[in-house]
Amino acid sequence: MTDTSTQSPAPIRTDLVIVGLVAGLVLAGLLYLLSQAQQELRRSPVGFDGLQVWLASEGGSAQNFTGGWLLDPASIGLLVLPVFDTVPGRDLEPALDKLQLLYQQDESDLDWRPLREKIETLPGLIVLPKWRSGMRLTGIAHPALLVEEARLNALLRSLTGEKTIRLSRVRRVFTSLPYRSQSGVGMEAELYAAQLFDGSACAPIIGQGAETLLASCPVAGSNGTVLILSDPDLLNNHGLRLGDNAQIARDFLLSAAGDGSLVIDYSRDNWLASTEEPIQRERTWADLLRFFQPPFLALWLGGGITLALVLWRSFRRAGPVLRTKVADSGKLLAIRARARLMRLTGQDGALLADYAAARVAATAARLVGPGHARQIGEERAFLRYLARRRPDLAARLEEVIGRVKALPARIPATVAIQHVEDLEQILELIANDP
């Protein structure tokens, strides 16, 4: 026989769904925190956001890049690579307390392989580190917050392959180094606690000999060269404002970039597209334009016309929608008719007595609510209720009501108004009594 029974689908594991959602939220939170830390570093005194803004304001094509999409190498003239890791390839050790955080040598992790791939693909400018994390956190450029020279020497030798190359720090507070622009104008680079290196194996651009600041140096294991800047204070947010540093950055970097753009690359990975395999876009604008062609075009037109009518109608209408007037109840009509007759016949005294009773009932509803107003809405019940709480006000109200009831049927309007004012004053005190 054929088994015709159907198997019910497996139930969804709720616990797995919850674990997946939690893991997704944690991952999103970590990515957000990492992006915030990266932005804080770029905007800090040791960052290079100011360089990008300065070059862009001077007409140069400069942009920051943190990764996430492929870059076309053909459009890039110079790749600026700020290095915030003195020992690339080794994971950053997290600080355990505030003191360790201030004296932390590295700001971020970096691997050798992507760095080498970048400088072998494009003309690059490597900016060596100088300051510890305490400089970024405190905003104070103190010599105690300088990175260890031994780490920088090892980094410099690994980059160039030169075993004798070494870095040193000038003991002067400020150091000025000459620079001649492309047009022949003389300028001076000014540095605080200058960090220079021996450029005998390189082609110096700023400085010379043992006091070289910027030079074109060989790349270890390659026939190419790379620009090396030993002191980042020439280009970072902290140093651009010193001396002619900003003018030197504009003159040298824009001329080095040529017709291409200058990219300040903060990314850890190599996002440069291969020259053999050009960038292929998965989506184009034509994919989006398909949603504005028939049959979708009729839907867009209908929605646009409906929106236009709604907006036109909302602008044309002044004020809220008028409510339909509800007919008055028979009791209210009877009260109004009686009041009108009494006014026409001049019986203001009798009308005032009815008015006092109605105002007492309204005050009772205001105090205890419409649901309980019937219990104390009558004059004597209201006076007993008031006597338990405010005997002084109860006595004054009883006296006013007594005077109103003692009025003759016909009284002058001025006298009626005076009694109404007395009644309203005492009822207002009762209603507002805490």
Subject >> Ionic contact status for R380 with E398, cut-off 4.0 Å >> reply: yes

Original post:
Does L101 reach the side chain of L96, with side-chain heavy atoms less than 4.5 Å apart?
Top reply: no

Subject >> Flag if over 12 foreign heavy atoms under 6.0 Å of CD, Q182 >> reply: yes

Original post:
Within the distance-only criterion (no hydrogens, no angle test), does the side chain of R157 pair as donor or acceptor with the backbone N or O of G161 below 3.5 angstrom?
Top reply: no

Subject >> side-chain hydrogen bond (donor to acceptor under 3.5 Å, both in side chains) partners of residues 193-208, not counting sequence neighbours, each pair once >> reply: R169-Q195, D198-S200

Subject >> Trace of the side chain to side chain contact (heavy atoms under 4.5 Å, CB included) decision for L235 with N245 >> reply: CA-CA 7 Å; L235 302 179; N245 295 356; over 6 Å; no

Subject >> Residues N236 and W131: side-chain donor-acceptor under 3.5 angstrom >> reply: no

Original post:
Should D392 and R390 count as an ion pair when the cut-off is N to O under 4.0 Å?
Top reply: yes

Original post:
Could you walk me through whether T212 and I206 pass the side chain to side chain contact (heavy atoms under 4.5 Å, CB included) check?
Top reply: CA-CA 6 Å; T212 300; I206 301 179; over 6 Å; no

Original post:
What do the steps show when you test L397 against F382 for side chain to side chain contact (heavy atoms under 4.5 Å, CB included), and what is the final call?
Top reply: CA-CA 10 Å; L397 178 62; F382 184 75; 3.5 Å; yes

**OP:** Could you give me the CA-CA distance, side-chain angles and deciding distance for S267 and D269, then say whether side chain to side chain donor-acceptor pair (under 3.5 Å) is met?
**Re:** CA-CA 6 Å; S267 63; D269 301 319; over 6 Å; no

Subject >> Donor + acceptor pair across side chains of S44, R136 (<3.5 Å) >> reply: no

Original post:
Once you round to the nearest 0.5 Å, how far does CG of L155 lie from CD1 of I228?
Top reply: 8.5 Å

**OP:** Would you check if there is a donor-acceptor pair between the side chains of E148 and Q105 at a distance under 3.5 Å?
**Re:** yes

Original post:
Would a distance-only check, ignoring hydrogens and angles, find a side-chain to backbone donor-acceptor pair under 3.5 Å from E58 to G60?
Top reply: no

Original post:
Is the closest basic N to carboxylate O distance between R359 and E424 below 4.0 Å?
Top reply: yes

Subject >> Under 3.5 Å donor-acceptor, D85 side chain and L110 backbone >> reply: yes

**OP:** Flag the pair R113 / N270 as yes when at least one side-chain heavy-atom distance between them is below 4.5 Å, and no otherwise.
**Re:** no

Original post:
Are R90 and D109 ion-paired here, with the side-chain N under 4.0 Å from a carboxylate O?
Top reply: no

Original post:
side chain to side chain contact (heavy atoms under 4.5 Å, CB included) between D72 and L272: does it pass, once the steps are laid out?
Top reply: CA-CA 6 Å; D72 184 8; L272 298 176; over 6 Å; no

**OP:** Find the distance between CG (L78) and OG (S261) and round it off to the nearest 0.5 Å.
**Re:** 9.5 Å

Original post:
Just by modelled atom types, is the A193 backbone N or O under 3.5 Å from a matching donor or acceptor in the K130 side chain?
Top reply: yes

Subject >> No-hydrogen, no-angle side-chain donor-acceptor test under 3.5 Å, N64 and D49 >> reply: yes

Subject >> Min side-chain heavy-atom separation V219-L159 under 4.5 Å >> reply: no

Subject >> Residue pairs involving residues 127-165 (criterion disulfide (SG to SG under 2.5 Å); sequence neighbours excluded) >> reply: none

